[in-house]
Amino acid sequence: IAGSPFQSAIAPRSVDPGASTVEFSYSEVGAETTVTITVKDTEGDNYIYGENFPITVEINVTGANTATVAAQDADENGEYDGVYTASYTPANYGDDIIAITVNDQPVGDSPYTITTAPRPADPSQSYATWESASEFFEAQVNALTSITITILNEAGEPYDYGDIRPVTVAFSVSGANTVATTPLDDPE
């Protein structure tokens with residue numbers, strides 16, 4: 001037949017956003033939060049055709065933080081395996097609502113809610129100050145000495161969210177006077 005042989009372009013199976021799955025890394029203020037989406041096709045297999053038949057995978061973050069990022073497929077070897085990743089760095093702690101779409105269709109149970117934890121306490125930046133009842137000495141026998149312990153987070157900011165991310169603070173005194181290790185409560 002004239003024109004034979006004929007060529008025909010065959011497209012891969014379509015994506016199935018509803019069957020696709022999502023995983024989140026631990027989320028903490030100041031650290032990268034990674035969203036991993038395994039995009040499935042209509043037969044339940046990973047959609048591995050992104051190089052020749054690209055799709056759009058988008059992550060929209062609202063709530064305590066805001067971000068819009070596109071997820072990329074291709075592992076460290078440049079192979080397309082249907083696993084798309086994106087990341088954002090939260091600036092605030094609290095609940096983030098994450099809407100994920102593939103070709104503008106919601107993925108799985110999107111939107112998802114994840115909780116971003118506040119920065120951890122940093123003992124190396126935290127410090128103690130004390131006041132004595134005597135104006136002449138830092139401490140005096142039988143006089144009250146008050147110790148204030150100021151806890152800072154990794155960014156050097158006041159750690160004022162102990163009700164959300166509790167820390168244990170304890171002190172002890174040794175030398176001429178002794179006080180056994182004593183746990184403290186946050187007065188606020």
Side-chain angles (χ1 to χ4, degrees), residues 11-127 149-169 186 188:
R13 292 186 291 260
S14 299
V15 296
D16 184 355
S20 299
T21 60
V22 178
E23 290 181 30
F24 301 97
S25 69
Y26 176 73
S27 184
E28 181 176 278
V29 171
E32 194 173 81
T33 299
T34 302
V35 182
T36 305
I37 304 101
T38 303
V39 178
K40 299 293 186 178
D41 66 21
T42 53
E43 292 293 316
D45 297 321
N46 285 13
Y47 183 82
I48 59 173
Y49 315 105
E51 183 175 17
N52 297 317
F53 298 91
I55 59 174
T56 302
V57 180
E58 190 172 85
I59 288 92
N60 252 318
V61 181
T62 58
N65 296 282
T66 58
T68 299
V69 290
Q72 303 297 320
D73 186 8
D75 62 17
E76 60 276 356
N77 300 319
E79 300 291 324
Y80 287 77
D81 58 3
V83 179
Y84 288 71
T85 58
S87 62
Y88 70 101
T89 302
N92 303 300
Y93 65 86
D95 288 340
D96 288 342
I97 297 139
I98 302 179
I100 304 168
T101 58
V102 172
N103 292 343
D104 297 323
Q105 298 298 312
V107 169
D109 294 327
S110 182
Y112 300 88
T113 300
I114 66 168
T115 300
T116 297
R119 294 179 196 269
D122 185 356
S124 70
Q125 293 191 68
S126 301
Y127 58 92
I149 300 173
T150 302
I151 307 298
L152 300 177
N153 66 22
E154 292 178 333
E157 304 160 336
Y159 192 88
D160 57 1
Y161 37 82
D163 56 331
I164 296 169
R165 189 173 189 171
V167 295
T168 301
V169 178
D186 184 351
E188 298 174 18

Minimum heavy-atom separation for A64 and Y93, please, with both atom names. CB-O, 3.7 Å
Would you find a donor on one side and an acceptor on the other, under 3.5 Å apart, between the side chain of T42 and the backbone of R13? no
Among T33, T89, N65, T34, which one satisfies side chain to side chain donor-acceptor pair (under 3.5 Å) with S27? T33
Are the side chains of V15 and D41 in contact, using a 4.5 Å heavy-atom criterion? no
Please find the pair of heavy atoms, one from P120 and one from Y159, that lie closest to each other, and give the distance. C-CE1, 3.9 Å
Smallest separation among heavy atoms of A71 and I37, with atom names: CB-CD1, 4.2 Å
Is the closest side-chain donor-acceptor distance between Y161 and N153 under 3.5 Å? yes
Which atom of P106 lies closest to which atom of P17, heavy atoms considered: O-CB, 3.4 Å
Can you confirm whether more than 12 heavy atoms, excluding those of E23, are under 6.0 Å from its CD atom? no
Smallest heavy-atom separation, A31 atom then P90 atom, equals O-CD, 3.1 Å
Can you find a heavy atom in the side chain of S25 that is under 4.5 Å from one in the side chain of E32? no
Check whether any side-chain heavy atom of T66 sits under 4.5 Å from a side-chain heavy atom of Y88, and report yes or no. no
Walk me through it: do N46 and K40 pass the test side-chain contact (heavy atoms from CB on, under 4.5 Å)? CA-CA 4 Å; N46 285 13; K40 299 293 186 178; 2.9 Å; yes
The reported gap from CG in D122 to CD1 in I151 (rounded to nearest 0.5 angstrom) is 10.0 Å
V83 backbone acceptor or donor facing D81 side chain under 3.5 Å: yes
So if I apply the side-chain contact (heavy atoms from CB on, under 4.5 Å) rule between V69 and each of V61, I59, T85, V57, which one comes out positive? I59
Would you please say whether a donor-acceptor pair under 3.5 Å links the side chains of D95 and T113? no
Which value, rounded to the nearest 0.5 Å, describes the distance between I98 atom CD1 and Y112 atom OH? 10.0 Å
Pair N60-T68, side-chain donor/acceptor within less than 3.5 Å: yes
Any heavy-atom pair between the side chains of S110 and V22 that's under 4.5 Å? no
Classify the ring geometry between Y47 and Y49 as parallel (under 30°), tilted (30 to 60°) or perpendicular (over 60°). perpendicular
Residue pair R165 / E28: nearest heavy atoms and the distance that separates them: NH1-OE1, 3.0 Å
Note, T116 side chain near N92 side chain (heavy atom, < 4.5 Å): no
